[in-house]
Amino acid sequence: MQMSIVGCVMGAFQIISLDGSADEEHLPELSTSQMLKMYRDMVLARRLDSWLMRLQRMGRVAIHAPSEGQEAAMVGSAHTLESEDWVFPSYREIPVYIARGVPISEILNRQFCNEEDPLHGHDMAVYGSRRHKIVPAPVPVGMQIPTAVGFAMAAKYRGEKAVAITYFGDGATSKGDFHEALNFAGVFKAPVVFFCQNNQYAISCPFSRQTATKTIAEKAVAYGFEGVWVDGNDVLACYSATKRAIEKARRGEGPTLIEAFTYRLGPHTTADDPSRYREHAEVEKWRERDPIARFKRFLIRRGLWSEEDDAKLHEEIEEDIKLEIEKAERKRPLKPDVIFADVYESEPWHLAEERDEFSRFI
Amino acid sequence: MQMSIVGCVMGAFQIISLDGSADEEHLPELSTSQMLKMYRDMVLARRLDSWLMRLQRMGRVAIHAPSEGQEAAMVGSAHTLESEDWVFPSYREIPVYIARGVPISEILNRQFCNEEDPLHGHDMAVYGSRRHKIVPAPVPVGMQIPTAVGFAMAAKYRGEKAVAITYFGDGATSKGDFHEALNFAGVFKAPVVFFCQNNQYAISCPFSRQTATKTIAEKAVAYGFEGVWVDGNDVLACYSATKRAIEKARRGEGPTLIEAFTYRLGPHTTADDPSRYREHAEVEKWRERDPIARFKRFLIRRGLWSEEDDAKLHEEIEEDIKLEIEKAERKRPLKPDVIFADVYESEPWHLAEERDEFSRFI
Amino acid sequence: MAVISLAQAINQALREEMRRDDRVIVMGEDVGRRGGVFLCTEGLYEEFGPDRVIDTPLAESAIVGVALGMAIYGLRPVAEIQFADFIYGGFDQIVSNIAKIRYRSGGQFSAPLVIRAPYGGGVKGGLHHSQSPEAYFIHTAGLKVVIPSTPYDAKGLLISAIRDEDPVIFFEPKRIYRSVKGEVPEGDYTVPIGVSRLVREGSDVSLITYGAMVYECEAAAEKAEKEGISVEVLDLRSLLPFDGEAIIKTVRKTGRPIIVHEAPKICGFGAEIAAFIAEREILSLQSPIIRVAGYDTPFPLVHEHLYLPNERRILDAIKRAVSF
Amino acid sequence: MAVISLAQAINQALREEMRRDDRVIVMGEDVGRRGGVFLCTEGLYEEFGPDRVIDTPLAESAIVGVALGMAIYGLRPVAEIQFADFIYGGFDQIVSNIAKIRYRSGGQFSAPLVIRAPYGGGVKGGLHHSQSPEAYFIHTAGLKVVIPSTPYDAKGLLISAIRDEDPVIFFEPKRIYRSVKGEVPEGDYTVPIGVSRLVREGSDVSLITYGAMVYECEAAAEKAEKEGISVEVLDLRSLLPFDGEAIIKTVRKTGRPIIVHEAPKICGFGAEIAAFIAEREILSLQSPIIRVAGYDTPFPLVHEHLYLPNERRILDAIKRAVSF
Ligand SMILES: Cc1ncc(C[n+]2csc(CCOP(=O)(O)OP(=O)(O)O)c2C)c(N)n1
Ligand SMILES: Cc1ncc(C[n+]2csc(CCOP(=O)(O)OP(=O)(O)O)c2C)c(N)n1
Ligand SMILES: [Mg+2]
Ligand SMILES: [Mg+2]
């Protein structure tokens with residue numbers, strides 16, 4: 001495989017072409033059911049995303065950071081993880097949670113901040129679950145990266161075979177935390193995979209203004225390990241590149257920086273208006289590279305899928321989501337004093353006092 | 001010239017060999033008097049350094065960060081600067097100040113914290129002078145690097161031809177500020193030169209533990225500009241590499257990262273005991289590469305210098321330093337209320353009150 | 001006179017000052033084409049171009065660190081931090097470098113720059129889009145800290161901040177960016193840093209506050225008035241240096257100071273005001289010095305209206321004060 | 001019982017806790033072979049090896065950020081910041097990530113880690129080797145903040161901090177690392193976080209303090225005693241949570257509280273203590289609440305003995321209190 005980049009750019013690694021044909025030599029070993037599961041996850045993520053956009057517009061859920069267009073990068077990479085591996089996402093990774101097996105009911109409980117919200121209504125737009133080995137993102141960009149490295153170093157110290165994967169955007173690579181963390185990972189050969197979704201924008205800031213390099217992948221040079229540039233709209237390429245990096249990390253051969261080159265089709269968040277900073281034509285161009293359509297073409301070409309299957313799948317998913325939305329919306333809201341929960345393991349006297357005072361006002 | 005490094009290491013750029021012979025093809029255009037001035041600056045820096053070490057041990061001045069062994073890197077690079085250029089040093093750059101024309105009396109006033117200390121006794125081990133276009137270092141490592149970039153961006157905005165050069169160590173390259181600043185410089189093509197003295201230690205931390213790369217120079221890849229690896233104990237190589245980078249920046253062609261590979265012969269500071277973390281034999285090995293001895297061999301070989309000249313120079317310098325030390329030590333100490341100076345341009349009421357109170361206790 | 005919003009007043013201050021003084025440049029994330037996520041820099045990119053309205057990479061430490069370099073050069077950078085919650089990324093540069101450059105250099109160099117950031121809660125922003133971090137900066141010698149609460153003050157104080165020879169942290173109460181409107185003269189005027197504004201006179205209780213809380217205090221004062229309690233409201237506007245004289249004056253007048261702010265209580269700015277009063281005006285006090293503040297938890301997404309000091313809590317404090 | 005220094009007590013706490021619990025690891029700049037620049041980690045590298053005594057690259061944000069990852073995994077990292085003055089590089093991670101991980105995750109994850117740092121003046125360290133940044137952390141919900149003043153407390157509190165389920169900022173008064181010695185039992189004991197220590201009983205004035213200032217207060221108290229003023233000295237030891245009960249008790253007893261700390265006055269921890277008293281014990285007060293603190297300037301290299309609160313200034317405050 002020609003995936004490594006040291007110092008110069010050769011072109012992003014790709015397996016599925018736009019028309020759905022494939023580079024047979026590089027096809028990963030995946031069973032049909034695995035591939036169909038990946039496809040299903042991508043579609044589910046897309047439909048859920050579009051529901052969350054609408055629900056937000058209707059004022060029924062809070063802010064949402066859409067993942068439309070980035071499903072291949074997230075689902076492809078997350079499908080390589082074993083149950084012992086840990087995920088340190090950012091705020092745009094619902095497709096990762098789905099691939100990791102998180103039920104959408106839980107994601108919806110989160111978005112509706114109902115009494116079953118696993119984060120107790122304490123933060124927006126992020127998700128985490130100890131059961132699924134997902135550590136919720138801190139909203140400040142890039143901040144989760146050192147945490148993933150520390151986790152990986154600890155796993156290594158314990159002789160465990162767990163690998164940590166952390167997700168972040170192109171904008172995050174400009175932060176000091178990205179640098180300090182990758183440098184640590186290089187020095188300590190931590191079993192960690194840095195998965196950068198270069199969706200070409202940090203809100204309005206285009207990639208060309210974010211850094212002077214042509215790729216993110218080549219930044220790995222500065223840390224003494226491998227950088228990989230991959231077509232982020234090609235789910236199999238993302239799967240293969242990540243699988244290789246995860247296995248390498250598990251073997252004790254250290255970290256990898258993967259850049260999945262992709263595009264955010266939607267706004268930055270529901271609060272954003274992308275027409276202020278980019279042309280409609282550009283978005284349209286990228287719609288043609290839609291990762292779901294491409295994977296579908298691939299599956300159909302190989303006789304693994306049909307338009308009928310697809311229609312059925314969409315219908316089924318749509319029903320499912322609607323049902324879960326209804327359920328989530330019907331659940332009780334969080335109690336007011338939840339704002340005093342989870343500050344410390346045991347409540348210090350000053351918080352007990354404040355909670356008492358608080359209870360007089362609700 | 002084979003100085004650039006993109007992604008891989010070819011060996012540090014060198015002009016003068018250990019025995020004093022030279023790579024004639026790459027000899028920079030320097031008059032004899034210029035070269036002798038460089039030599040004189042190096043010797044002066046070395047003698048002053050050794051005095052400051054002794055004065056500190058005698059309790060006559062505060063902490064000192066010695067530059068022994070790094071004179072070629074500092075004097076060679078600083079000699080390329082024009083009067084309009086600005087310097088953003090760290091805490092170990094006395095040889096730079098000397099090369100920049102700062103009288104040693106001023107450096108000594110600083111070290112003795114007497115009434116003529118240009119920094120008013122407010123900080124230790126650092127120096128700055130508006131007249132000499134030297135901005136004093138903040139002691140936290142790496143913190144001056146973004147400042148240099150901002151200064152350079154401002155000069156560019158104003159259409160001025162000034163270049164900023166900033167000095168820092170190998171340890172500083174691990175800091176987030178290094179990364180964020182170099183990334184900005186790449187994006188904005190700022191006229192700035194990043195001069196890293198890789199003296200192979202950050203206090204006790206060896207370079208191999210600081211980062212997983214073989215060089216600092218290759219880290220420039222991550223910012224989309226050129227990295228240069230140079231023998232930091234070769235004053236002419238340091239001069240040439242820096243001159244090229246300064247001229248490039250002045251032409252509007254953006255930043256350069258220079259790594260001068262060198263060695264700190266002394267302790268980290270007068271408070272350090274390097275025997276705790278490195279072998280005597282290693283230090284001895286590097287003494288053989290002493291930059292002053294090497295330059296002297298070069299000058300003598302070419303008939304520009306003699307042992308007699310050298311003895312005279314040392315004597316003269318020694319006299320000079322002793323005289324200046326006496327003068328500096330005789331000057332009055334700073335007045336107590338200097339601690340209230342320079343907080344704001346005009347004193348707010350609360351500081352006026354505090355100063356009043358203070359005056360009751362002195 | 002035009003009636004404009006607080007956000008528009010900020011925009012006007014920037015625009016006019018950039019027209020008057022070509023040393024003034026604006027920089028930050030999304031401040032250019034996007035006009036800022038709250039549109040405070042809208043139109044500046046179009047008028048002044050990319051050299052003076054600089055969209056930066058996503059790096060708070062560099063944003064403020066680079067601004068310092070520009071200020072040392074002689075420019076007057078106005079750096080925007082997209083939300084005050086992200087200012088911590090630049091904390092080291094602000095506290096260790098910017099705040100201390102004048103001192104460190106024996107007065108040879110200084111940092112005439114402004115760091116603007118929307119701050120405070122009430123916009124359903126959750127943990128990292130709602131914080132009020134002013135106390136961290138008030139505790140840092142070498143900085144000035146300013147928080148306007150009206151469009152008039154926002155413009156006048158921002159112009160003062162840009163012209164100030166020292167670094168100013170300028171926090172803007174985002175919750176009232178659009179909702180609060182007021183008369184703002186076009187053209188040049190300043191509101192001096194260090195001087196408070198008496199929002200409302202009263203004789204029984206003093207509410208000492210700033211930012212969006214000014215409006216909660218006014219509402220509570222009105223309610224109290226109806227119950228026969230006369231409440232004075234002081235908008236500090238500048239937190240460092242703060243207007244000690246005005247605080248003493250109102251405490252002498254009413255004897256019952258209540259300090260109101262959004263930030264968590266412990267070691268918040270309310271502590272300083274209380275300590276200041278307790279050190280100087282103990283004999284004037286007719287009641288304990290009460291603080292109504294954010295609770296000492298991180299800022300929650302849900303129930304933020306209960307987390308934030310509100311009319312009800314302030315009124316309760318007023319009653320406790322008068323019935324002491 | 002062995003008489004050892006404060007630095008040795010820290011070393012002993014680390015060593016014993018590492019022997020008892022293999023989840024405990026130590027990390028930071030120069031903590032390994034070098035044994036720490038103040039030798040607090042001396043000998044640990046030799047005993048526990050490089051996997052548990054980790055010399056890190058020079059990067060404060062990563063040091064604490066990586067420690068968080070380790071804590072989430074289930075280890076008990078003790079991260080050293082070489083000087084408290086350099087903790088600001090890790091401020092964002094501490095304030096935005098570490099302090100809030102429990103809250104952010106709805107209690108699913110936590111950060112049982114310790115960040116140790118030498119702090120305070122008196123060692124001719126100048127601007128960036130002398131600071132007392134405790135207030136920044138006390139204002140941050142989710143953290144605990146501890147400052148010992150004796151070898152016994154240093155060991156007992158550090159062990160408590162390591163075993164605590166929440167992140168503890170542990171500042172060590174470097175000025176008395178070696179000069180203060182005391183009896184320290186070998187083996188396991190703890191001093192609870194949140195409980196103060198009554199250093200000295202008295203009836204006229206209460207000195208409320210912590211860190212190296214405990215000794216200045218004791219000296220001033222003795223001088224005052226000779227002049228017939230009876231002075232109580234309270235060493236807070238824990239600043240968040242602080243021992244409110246003990247503060248109230250001493251204020252009720254003497255009616256004259258004086259708070260002493262090295263950090264600058266404005267918005268320092270003294271402000272919180274003063275506000276706390278002014279909110280609850282106003283009727284007990286016989287004098288204003290006085291603060292004796294560092295001045296509101298950066299920390300100077302020269303004349304630091306005049307910058308720092310000293311016996312003379314404290315004594316002056318005592319006299320002002322009793323003669324009010
Ligand atoms: C430290 C910090 N600064 C600013 C923000 C505001 N902000 C949220 S997302 C974002 C852009 C992030 O871009 P990128 O890393 O490319 O991720 P993407 O949103 O494209 O997935 C910004 C500026 C933030 N959350 N954190
Ligand atoms: C941010 C920060 N962390 C720690 C220190 C303490 N310290 C001072 S110098 C130094 C090592 C610096 O190494 P390097 O950058 O290689 O420069 P050198 O001293 O070798 O010239 C350290 C850790 C500091 N000054 N600043
Ligand atoms: Mg992006
Ligand atoms: Mg070094």
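Sequence lines set the chain letters: A, B, ... in the order given, protein chains first and strands last, and positions in each chain run from 1.
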Which atoms of [X] come close to chain D, meaning under 4.5 Å heavy atom to heavy atom: side chain ones, backbone ones, both, or neither?
X	result
Leu334(B)	both
Asp273(B)	backbone
Val338(B)	side chain
Phe358(B)	both
Ala271(B)	backbone
His268(B)	neither

What residue, out of Gly32(D), Gly89(D), Gly125(D), Gly35(D), has the most heavy-atom pairs lying under 4.5 Å from chain B? Gly125(D)
Below 4.5 Å, heavy-atom pairs only: which of Gln82(D), Glu304(D), Arg33(D), Lys124(D) has the largest tally toward chain B? Arg33(D)
What part of [X] lies closer than 4.5 angstrom to a heavy atom of chain B: side chain, backbone, both or neither?
X	result
Leu39(D)	side chain
Phe83(D)	neither
Phe86(D)	side chain
Ser61(D)	neither
Ser130(D)	neither

Could you check if a side-chain atom of [X] sits within less than 4.5 angstrom of a side-chain atom of [Y], using non-hydrogen atoms only?
X	Y	value
Val139(B)	Leu127(D)	no
Asp316(D)	Arg360(B)	yes
Lys265(D)	Glu354(B)	yes
Phe361(B)	Leu306(D)	no
His128(D)	Pro140(B)	yes
Val302(D)	Pro333(B)	no

I need the minimum non-hydrogen distance between [X] and [Y], along with the two atoms involved.
X	Y	result
Asp30(D)	Ala202(B)	OD1-O, 3.5 Å
Tyr295(D)	Glu357(B)	OH-OE2, 3.6 Å
Gly121(B)	Leu301(D)	O-CB, 3.1 Å
Ala172(B)	Leu58(D)	N-CD1, 4.5 Å
Tyr277(B)	Arg34(D)	CD2-CD, 3.7 Å
Ser174(B)	Ala59(D)	O-CB, 3.5 Å

Give a yes or no answer on whether the side chain of Arg209(B) reaches the backbone of Asp55(D) with a donor-acceptor pair at less than 3.5 Å. yes
Any chance you could measure Tyr88(D), atom OH, to Met143(B), atom CE, to the nearest 0.5 Å? 10.5 Å
Output for pair (Arg355(B) CZ, Thr297(D) OG1), nearest 0.5 Å, gives 12.0 Å
Is the count of non-hydrogen atoms from other residues, nucleotides or ligands lying under 6.0 Å from Lys223(D) atom NZ greater than 12? no
Is atom CD of Glu284(B) surrounded by more than 12 heavy atoms (other residues, nucleotides or ligands) closer than 6.0 Å? yes
Quick one: which of Cys113(B), Gly171(B), Cys205(B), Pro336(B) has the most heavy-atom pairs under 4.5 Å with chain D, could you say? Pro336(B)
